[in-house]
S.K.: 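Here it is, the structure in full.
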Amino acid sequence: MKARVRYAPSPTGLQHIGSVRTALFNYLFAKSVGGDFILRLEDTDRTRSSDAYVKNLYDTFRWLGFYWDEGPDVGGPAGPYVQSERFALYREHAQRLVDMDKAYYCFCAEDKAAKKDEAADDDASADAASPSGFGYPRTCRALDPAEAGKRAASGEPHVIRLKIPLDGVTAFDDILLGRIEWKNADVNPDPVLLKSDGFPTYHLANVVDDHLMGITHVMRAQEWIPSAPLHIIMYDAFGWEPPKLCHLPMVLGEDGHKLSKRHGATAVDEFRKKGYLEAALINYVAMLGCSYEDGRDIFSLDDLARLFTMEHINKAPAVFDYVKLEWFNGQYIRMLSDAELVSRITPFMAEAGLVAAEPTEAQAAALLAAAPLVKERLKYLTDAPDALRFLFAEPATPPAAEMLPKKLDAADAARALSAAVGLLRAVDPSDHDACESAFREKAAELGLKLGDLLMPLRVAVTGTKVSPPLFQSIAALGTAKALARAERAVLALLAAAEEGR
RNA sequence: GUCCCCUUCGUCUAGUGGUUAGGACACCGGGUUUUCAUCCCGGCAACGGGAGUUCAAUUCUCCCAGGGGAUGCCA
């Protein structure tokens, strides 16, 4: 049977690195076995779902570059793929469960106090420690079904709750974790299936849709383990065969807690804006909790899809390491062709006001010439503006002190820089070897190290002590501009020397 | 509190009874070099603890400890 897996996000927030990892693992599994990857929107929380988040979801995955075989936008035989468009289905199925005496109407008022308060801290867990069990006290379970049915039919507000067996155990075999057994007494007592607004909860919608859509494998984070038995009980009640379950290890922040905003960037969109390459992000995230081929660490999406196996998923949670991600990003930047790098950094250059959003021909040429200069120096695409500013904007003449090599004073530096200017007039900056030998000779003649001769020129031309290789930078800039900057700098140095005397 | 899951270098991991416990990031040295990077070489560093099983346990079993997760009309 062809494998069918799904990614089922709820559009109640920006696409998060943790959920994207779940999507990625599902995708990799599907592709590794020639199965289908399906997108389903779980927008059953009417107050929190929003179109803006749906858009963010599409934007995110378009950027990441992986796709689904079936989904709201591409259609498919098991649609619709948006739960709010399947509204009637859930009530129908909940009703079936009631009719079979596997679920019941509940008329208890919504317990606001039981709702998790966002601001609540650890004290809340102490409060929750009721000595006699937990959760809903199953009050309405005792109601006469016929009577309850009448009340519901008359329009009295109600929810539908699942009857969790009072004793016995529910077990399932997790692909990763093996057999997991739960005493039914420990399962969430009678969870809500259908809310009072008529929408299903995750539990109901998830089970109904996974079955109706022919999902064969459910891969989701380990935080879902406690609700797995409840889902199994539902599959049994319906008489359906449950899909195979695989609970993925969690992704943690450096402090060992579930990855969240306070750990740094977590929304995929933030990574894009911060100058990460999607290939680097995918490569890194794929390696959190899973391994592919020993002795190798650079994998394309296709490589990952080919190499993925569930046997190589780890059970233990993984800590998200921004430093290692940074290394991956640098690796991927270096693998870009010059033209690719240009198209990647152009938006950031434009944002910094250094080039037009649609670069002019001259800017495009300058960008292309500059690409090889910075390729191995960038950790993030966002580093490009600072690294290349000197090519697109006129730097202020640096203060003399900035231009002094170690142990040299302003007069020495002025002398060195003047010599450099003289040399610059004579050489072709694009002839790297000629430049270097000319400057080496001159340095020796002046009793300077090559670096000392070059430093004042570097600062004068680029405006900073740290720059791409000087001769190539000058070649990219053009000798005329470089000369003008250097000559101004000589004057500044001379003035400083005068003052210092 | 209760239930569940997890446990190899600081981090990500390889490893499925016998290995000098391997790799990557980070870190520390050194080299190349025109600053910064890149690149190359070397180094540091781990099987949570205790009982078993076995000729032999990182690997199998149990207990403990530690960590994480769940305990919603959120997913």
Side-chain angles (χ1 to χ4, degrees), chain A residues 8-10 12-13 19 42-45 47-49 106 108-112 114-116 125-131 133-136 158-161 174 177 180-183 185-189 191-197 199-203 205-206 220-229 247 249-250 252 254 256-258 284 287-297 312 314-321 323-328 330 334 374-379 387 405 436 439-440 443 449-455 457-459 462 464-471:
Chain A
S10 71
T12 53
S19 46
E42 307 218 327
D43 58 345
T44 55
D45 183 337
T47 58
R48 294 200 305 144
S49 293
C106 168
C108 296
E110 188 177 347
D111 186 0
K112 302 271 192 218
K115 274 196 168 181
K116 194 168 194 168
S125 58
D127 294 341
S130 66
F134 61 106
Y136 178 64
H158 64 276
V159 300
I160 292 179
R161 289 182 182 271
D174 187 279
L177 305 175
I180 295 179
E181 289 191 357
W182 284 71
K183 288 194 276 297
D186 293 329
V187 176
N188 182 359
V192 170
L193 260 25
L194 202 72
K195 308 182 217 179
S196 52
D197 64 3
F199 274 78
T201 59
Y202 167 80
H203 302 302
N206 165 265
R220 61 184 10 167
Q222 283 181 4
E223 59 189 333
W224 289 107
I225 292 177
S227 51
H247 289 94
M250 310 278 298
L252 311 178
E254 274 179 320
H257 285 84
K258 203 156 79 161
Y284 176 68
M287 294 178 98
L288 280 179
C290 194
S291 63
Y292 299 85
E293 194 175 283
D294 198 21
R296 186 175 29 146
D297 32 40
H312 281 119
N314 273 293
K315 296 177 182 179
V319 174
F320 193 94
D321 183 356
V323 177
K324 188 157 187 176
L325 207 211
E326 177 181 286
W327 177 81
F328 272 104
R334 272 164 244 140
V374 292
K375 193 182 288 180
E376 61 201 25
R377 271 162 257 270
L378 302 181
K379 287 176 175 170
E436 179 156 345
F439 274 79
R440 266 187 204 290
K449 285 187 281 189
L450 181 59
D452 289 344
L453 176 58
L454 257 22
M455 183 52 76
L457 183 60
R458 178 188 312 282
V459 178
T462 68
T464 62
K465 285 185 169 173
V466 174
S467 81
L470 229 206
F471 303 133

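Labels below follow one simple rule: chain letters A, B, ... track the order of the sequence lines, proteins then strands, and each chain is numbered from 1.
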S.K.: What interatomic distance, in whole Å, is found between P of B:rG29 and the corresponding atom of B:rU34?
M.R.: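 Per the computed distance, 22 Å lies between those P atoms.
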S.K.: Phosphate oxygens OP1/OP2 of B:rC74: is one of them under 4.0 Å from a side-chain N or O of A:Thr47?
M.R.: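 No, A:Thr47 has no side-chain N/O under 4.0 Å of OP1/OP2 on B:rC74.
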S.K.: Counting Watson-Crick and G-U wobble pairs only, both distances under 3.5 Å, name the nucleotide matched with B:rU71, or none.
M.R.: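 Pairing partner, where one exists within any strand: B:rG1.
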S.K.: Take atom NE2 of A:His203 and atom P of B:rU71, then tell me their distance rounded to the nearest Å.
M.R.: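 Between P of B:rU71 and NE2 of A:His203: 8 Å.
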S.K.: Quick one: A:Asn314 CG to B:rU16 P, roughly how many Å, whole number?
M.R.: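 Nearest whole value for this atom pair: 14 Å.
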S.K.: Considering every strand and a 4.0 Å limit on heavy-atom distances, what is the contact class for A:His312: base, sugar-phosphate, or nothing?
M.R.: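 Counting heavy atoms under 4.0 Å across all strands, the contact made by A:His312 is with sugar-phosphate only.
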S.K.: When rounded to the nearest Å, what value does the distance between P atoms of B:rC25 and B:rC41 take?
M.R.: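 Between the two P atoms, the distance is 11 Å.
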S.K.: Between the base of B:rA24 and the side chain of A:Lys324, is one N or O donor paired with an acceptor at under 3.5 angstrom?
M.R.: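 Pair found.
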S.K.: Report yes if the side chains of A:Asn206 and A:Trp224 come closer than 4.5 Å at any heavy-atom pair, otherwise no.
M.R.: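 Not in contact.
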S.K.: State whether A:Asn188 places a side-chain N or O below 4.0 Å from either non-bridging phosphate oxygen (OP1 or OP2) of B:rC3.
M.R.: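 False: A:Asn188 side-chain N/O out of range (4.0 Å or more) of B:rC3 OP1/OP2.
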S.K.: Taking the side chain as C-beta and beyond, is there a heavy-atom pair between A:Pro249 and A:Lys315 under 4.5 Å?
M.R.: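 Not in contact.
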S.K.: Counting only Watson-Crick pairs (N1-N3 plus N6-O4 or O6-N4) and G-U wobbles (N1-O2, O6-N3), all under 3.5 Å, who is the partner of B:rC25?
M.R.: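 Answer to the pairing question: B:rG10, which forms a Watson-Crick or G-U pair with B:rC25.
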S.K.: Is A:Ser10 near enough to B:rC74 that one of its side-chain N or O atoms lies under 4.0 angstrom from OP1 or OP2?
M.R.: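 No, no such contact exists.
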S.K.: Would you give the length of the straight line joining atom CG of A:Leu325 to atom CE of A:Met287, rounded to the nearest 0.5 angstrom?
M.R.: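 A:Leu325 atom CG to A:Met287 atom CE measures 12.0 Å (nearest 0.5 Å).
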S.K.: For A:Val159, which contact category applies under a 4.0 Å heavy-atom criterion: base, sugar-phosphate, or nothing?
M.R.: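 The residue A:Val159 makes base contact.
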S.K.: Check the angle between the aromatic planes of A:Phe439 and A:Phe471 and answer parallel, tilted or perpendicular using the 30° and 60° thresholds.
M.R.: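 Because their plane-to-plane angle lies in the 30° to 60° range, the rings of A:Phe439 and A:Phe471 count as tilted.
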S.K.: Students often get this wrong, so: under 4.0 angstrom with heavy atoms, is A:Lys258 touching a base, only sugar-phosphate, or nothing?
M.R.: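 Here A:Lys258 touches the backbone only, sparing every base.
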S.K.: Categorize A:His257 for me: base, sugar-phosphate, or nothing, with a 4.0 angstrom heavy-atom threshold over every strand shown.
M.R.: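 If one applies the 4.0 Å heavy-atom cut-off, A:His257 turns out to touch the sugar-phosphate alone, with no base involved.
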S.K.: Determine the Euclidean distance between corresponding C1' atoms of B:rU20 and B:rU61; express it in Å to zero decimal places.
M.R.: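 So the two C1' atoms sit 29 Å from each other.
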S.K.: Spell out, as yes or no, whether a donor-acceptor pair under 3.5 Å connects the side chain of A:Asn188 to the backbone of A:Pro191.
M.R.: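 Not a single qualifying donor-acceptor pair exists.
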S.K.: For the C1' atoms, the ones on B:rG1 and on B:rG52, what distance do you get once it is rounded to whole angstrom?
M.R.: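 Result for the C1' pair: 32 Å, nearest Å.
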S.K.: From B:rC25, B:rU13, B:rG69, pick the nucleotide closest to the side chain of A:Pro226?
M.R.: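 Of all the options, the side chain of A:Pro226 is nearest to B:rG69.
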S.K.: Would you give a per-nucleotide map of nucleotides 29-38 of chain B, 5' to 3', where B means the base has a protein non-hydrogen atom under 4.0 Å away, S means only the sugar-phosphate does, and - means neither?
M.R.: -----BBBBS
S.K.: Taking pairing as Watson-Crick or G-U wobble with both contacts under 3.5 Å, can you name the mate of B:rC39, or confirm there isn't one?
M.R.: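 Base partner found: B:rG31.
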S.K.: Roughly how far apart, to the nearest Å, are B:rC12 and B:rU53 at atom P?
M.R.: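 Those two atoms are separated by 34 Å.
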S.K.: Can you tell me if the side-chain N/O atoms of A:Lys195 get under 4.0 Å from OP1 or OP2 in B:rG72?
M.R.: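 No.
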S.K.: In whole Å, measure the gap between the C1' atoms of B:rC47 and B:rG15 for me.
M.R.: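 One C1' to the other, the span is 11 Å.
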S.K.: With a 4.5 Å cut-off on side-chain heavy atoms, are A:Tyr284 and A:Phe320 touching?
M.R.: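 Of all side-chain heavy-atom pairs linking A:Tyr284 with A:Phe320, at least one is under 4.5 Å.
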S.K.: Taking B:rC4 as the reference, what is the distance to B:rC9 when you measure between their C1' atoms (whole Å, please)?
M.R.: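 Looking at atom C1' only, B:rC9 and B:rC4 are 29 Å apart.
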S.K.: Applying a 4.0 Å non-hydrogen cut-off, can you work out what A:Asn206 is touching in the nucleic acid: base, sugar-phosphate, or nothing?
M.R.: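 No contact.
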S.K.: Determine the Euclidean distance between corresponding P atoms of B:rG23 and B:rC63; express it in Å to zero decimal places.
M.R.: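 Taking atom P in both B:rC63 and B:rG23, they lie 36 Å apart.
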S.K.: Would you say B:rA75 has OP1 or OP2 under 4.0 Å from some side-chain N or O of A:Arg48?
M.R.: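 Indeed not, no polar side-chain atom of A:Arg48 lies that close.
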S.K.: Which whole-number value in Å describes the distance from A:Trp224 CH2 to B:rU71 C1'?
M.R.: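 Nearest whole value for this atom pair: 13 Å.
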S.K.: Is any side-chain N of the basic residue among A:Asp321 and A:Lys324 closer than 4.0 Å to the acidic one's carboxylate O?
M.R.: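 No, no charged N to carboxylate O under 4.0 Å.
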S.K.: Is any side-chain heavy atom of A:Val192 closer than 4.5 Å to one of A:Tyr136?
M.R.: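 Answer no - side chains too far apart.
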S.K.: What's the CD-C1' distance between A:Glu223 and B:rA70, to the nearest Å?
M.R.: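 My rounded result for the distance is 9 Å.
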S.K.: A:Glu42 has a side chain; which of B:rA75, B:rC73, B:rC5 sits nearest to it?
M.R.: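 For the A:Glu42 side chain, the nearest candidate turns out to be B:rA75.
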S.K.: In the structure shown, which nucleotide is the Watson-Crick or G-U wobble counterpart of B:rU19, with both distances under 3.5 Å?
M.R.: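 The answer is none; no pair meets the criterion.
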S.K.: Heavy atoms under 4.0 Å, any strand shown: does A:Ser291 hit a base, just sugar-phosphate, or nothing?
M.R.: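 Result for A:Ser291 = sugar-phosphate.
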S.K.: Measure from the side chain of A:Glu110, starting at C-beta and using heavy atoms only, and say which of B:rC4, B:rC73, B:rC6 lies closest.
M.R.: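 Nearest nucleotide to the side chain: B:rC73.
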S.K.: I want to verify a distance call: between B:rA26, B:rU7, B:rC3, whose nearest atom is closest to the A:Asp186 side chain?
M.R.: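 Closest of the options to the side chain of A:Asp186: B:rC3.
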S.K.: Can you find a heavy atom in the side chain of A:Tyr202 that is under 4.5 Å from one in the side chain of A:Ser10?
M.R.: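 A:Tyr202 does not reach A:Ser10 side chain to side chain.
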S.K.: Would you kindly give the CG-to-C1' distance between A:Asp294 and B:rU13, to the nearest whole Å?
M.R.: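 In whole Å, B:rU13 C1' lies 8 Å from A:Asp294 CG.
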S.K.: With a cut-off of less than 4.0 Å, is there a side-chain N or O of A:Lys183 near OP1 or OP2 of B:rU2?
M.R.: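 The answer is no; no side-chain N or O of A:Lys183 sits under 4.0 Å from OP1 or OP2.
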S.K.: Please tell me if the side chains of A:Leu177 and A:Ile225 come closer than 4.5 Å, counting only heavy atoms from C-beta onward.
M.R.: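 Yes. Closest side-chain heavy atoms under 4.5 Å.
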S.K.: Which nucleotide, if any, forms a Watson-Crick or G-U wobble pair with B:rU59, using both distances under 3.5 Å?
M.R.: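 Checking every strand shown, B:rU59 finds no partner, since no pair has both distances under 3.5 Å.
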S.K.: What's the closest nucleotide to the A:Asp45 side chain, out of B:rG68, B:rA75, B:rA14?
M.R.: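 Selected nucleotide (nearest to the side chain): B:rA75.
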